[in-house]
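Structure record follows, encoded as structure tokens.
These numbers come from a predicted model, not from an experiment.
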Amino acid sequence: MKVCLPEKFDIFYPKENKAYYTNDNSKLLRKILSSASDSYCMYCGTSLRTDGKINFHLEHSVDKEGNYNQVGKNSMLKNCKFNFSASCARCNLVYKKRIEKIDFSNYKLLEKCPRECEEICGTYQKMREDYCNINSIILQPIGYKKNDISCRICYNLLRHIYEADVDSKDEKTIFFVEHHIMRFRLNGENFSKSIVDICIEINDLYEKGIINVKNLIQFEEEKRHENIIGKIFVQFLKDKFLNQSLDKLIGFCKLLVVLDAVV
């Protein structure tokens, strides 16, 4: 039994190619990325909204500098609209810094992109694939497929752990996803208690007299959760329990709380 993090985010990019890393143009890209992720970090799922304010790093998916600090040849990666994601400070400045960069001399980088484009160019696609493979990392916002196999990160509701969920038993792909989980410490210091907190809150509301399944789920739907996995879990509860009895919902939530205490 599981709920899964987004494999990718639907981004509606402008056709124009601009210097999107500069202050004026970055505002548009920030708005687009924030909307696509509902203001959650695209790597760990942490909410990027605090006290009504959205604060996040406009992060380069593929490092804008190559091996040996190849500054000066990175204009393509520095401003490419497809090479940005919405990231919390910790994911950008800590977890993604422990990375092996690519060697720009192996690619034909564009010194200047065309005025408009609607698709990822072959050069960037190749660099991105190599970067993912070298580092065993699922780059956002467009996700990554390894050998045409979807690489999903799922939360096991019974074990309270993030784990790889792939379309096959391919060991290399499983290792790839597990390495990503380890890189971003999803089962460590970056672990989210959102799911358990939701279950505890539903039980508390029930004990205070709210005995309607729809009202309990609606209460959680209208909240802003600390991690996107909480939002996804509430949708899971809605799909599974909205037309079920109250006892089933409460029993399930109590079970998850108990399992959290023993696993």
Side-chain angles (χ1 to χ4, degrees), residues 4-13 20-21 26 29-30 32-46 48 56-67 70 74 76-104 106-107 109-110 113 117 119-154 162 164-167 170 172-186 190 228-229:
C4 297
L5 291 172
E7 288 185 57
K8 63 178 183 177
F9 297 86
D10 294 323
I11 313 292
F12 299 98
Y13 293 102
Y20 283 109
Y21 200 44
S26 68
L29 207 55
R30 282 179 171 275
I32 291 172
L33 292 172
S34 177
S35 175
S37 70
D38 193 18
S39 300
Y40 286 101
C41 175
M42 291 181 171
Y43 289 100
C44 72
T46 298
L48 303 171
F56 66 90
H57 284 210
L58 193 61
E59 179 264 339
H60 289 91
S61 301
V62 179
D63 199 302
K64 63 182 181 296
E65 295 181 357
N67 260 341
Q70 294 167 306
N74 61 0
M76 176 182 172
L77 290 177
K78 183 177 180 179
N79 291 300
C80 176
K81 60 194 173 190
F82 301 111
N83 195 40
F84 289 100
S85 67
S87 170
C88 68
R90 184 160 54 181
C91 283
N92 184 33
L93 299 179
V94 180
Y95 305 135
K96 275 202 82 218
K97 290 301 179 185
R98 303 163 184 166
I99 210 93
E100 182 178 342
K101 300 178 183 180
I102 55 178
D103 187 345
F104 287 168
N106 294 329
Y107 308 91
L109 272 71
L110 300 176
C113 291
C117 70
E119 296 181 351
I120 292 174
C121 67
T123 299
Y124 176 69
Q125 182 65 36
K126 175 60 176 171
M127 296 171 74
R128 194 174 185 281
E129 288 179 0
D130 291 346
Y131 193 83
C132 289
N133 286 324
I134 292 170
N135 293 288
S136 295
I137 186 172
I138 303 170
L139 289 183
Q140 294 301 345
I142 61 175
Y144 182 66
K145 285 189 176 183
K146 189 170 176 62
N147 300 324
D148 292 325
I149 299 173
S150 293
C151 299
R152 289 185 298 271
I153 300 170
C154 292
Y162 285 96
D165 183 79
V166 299
D167 291 336
D170 181 70
K172 291 183 179 180
T173 306
I174 293 172
F175 171 82
F176 178 92
V177 181
E178 291 291 348
H179 191 279
H180 178 101
I181 292 170
M182 181 178 66
R183 173 185 297 280
F184 291 98
R185 304 296 191 270
L186 296 183
N190 235 5
I228 196 171
I229 199 67

For [X], check side chain to side chain contact (heavy atoms under 4.5 Å, CB included) against everything at least two apart and list the hits.
X      : answer
Pro6   : Phe9, Ile228, Ile232
Ile120 : Phe82, Tyr124, Gln125, Ile142
Glu178 : Glu163, Ala164, Ile174, Ile181
Ile32  : Ile11, Pro14, Leu28

With a 4.5 Å limit on heavy-atom distance, are the side chains of Thr123 and Met76 in contact?
->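 A side-chain contact under 4.5 Å exists here.
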Quick one: does Tyr144's side chain get under 4.5 Å of Glu129's, heavy atoms only?
->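 Heavy-atom side-chain distance check passes, below 4.5 Å.
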Partner set under salt bridge (charged side-chain N to carboxylate O under 4.0 Å, His left out) for Asp130, not counting sequence neighbours =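 Scan of Asp130 (salt bridge (charged side-chain N to carboxylate O under 4.0 Å, His left out), adjacent residues dropped) gives Lys126.
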Return the set of residues passing salt bridge (charged side-chain N to carboxylate O under 4.0 Å, His left out) with Lys81 (not counting sequence neighbours), or none when no residue passes.
->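 Result, salt bridge (charged side-chain N to carboxylate O under 4.0 Å, His left out) vs Lys81: none returned.
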Pairing residues for Tyr107 by the ring pair (Phe, Tyr, Trp, His ring centres under 6.0 Å) criterion, not counting sequence neighbours =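 In terms of ring pair (Phe, Tyr, Trp, His ring centres under 6.0 Å), with neighbours along the sequence ignored, Tyr107 is linked to no residue.
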Please list, chain by chain and in numerical order, all residues satisfying ring pair (Phe, Tyr, Trp, His ring centres under 6.0 Å) with Tyr43, sequence neighbours excluded.
->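 Ring pair (Phe, Tyr, Trp, His ring centres under 6.0 Å) check on Tyr43 returns Phe184.
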List for me each residue that meets disulfide bond (SG atoms under 2.5 Å apart) alongside Cys154, sequence neighbours excluded, and say none if there are none.
->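 Per chain and number, Cys154 pairs via disulfide bond (SG atoms under 2.5 Å apart) with Cys4.
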Please list, chain by chain and in numerical order, all residues satisfying disulfide bond (SG atoms under 2.5 Å apart) with Cys113, sequence neighbours excluded.
->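 Partners of Cys113 under the disulfide bond (SG atoms under 2.5 Å apart) test: none.
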Looking at residues at least two apart in the chain, or sitting in another chain, which of them share a side chain to side chain donor-acceptor pair (under 3.5 Å) with Asn106?
->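 For Asn106, no residue satisfies side chain to side chain donor-acceptor pair (under 3.5 Å) once neighbours in sequence are set aside.
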Results of side chain to side chain donor-acceptor pair (under 3.5 Å) for Tyr21 - residues two or more places apart only |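 Checked Tyr21 against side chain to side chain donor-acceptor pair (under 3.5 Å); zero matches.
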Using atom types as modelled and distance alone, determine if a side-chain donor or acceptor of Arg90 lies under 3.5 Å from a backbone N or O of Cys88.
->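 Between the backbone of Cys88 and the side chain of Arg90 there is no qualifying donor-acceptor contact (under 3.5 Å).
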When rounded to the nearest 0.5 angstrom, what distance separates [atom1] in [X] from [atom2] in [Y]?
X      : Y      : atom1 : atom2 : result
Met42  : Leu139 : CE    : CG    : 12.0 Å
Ser85  : Lys96  : OG    : NZ    : 6.0 Å
Met127 : Cys80  : CE    : SG    : 9.5 Å

If we ignore angles and hydrogens, is there a donor and acceptor under 3.5 Å between the side chains of Tyr162 and Asn190?
->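 Absent: no donor and acceptor within the cut-off.
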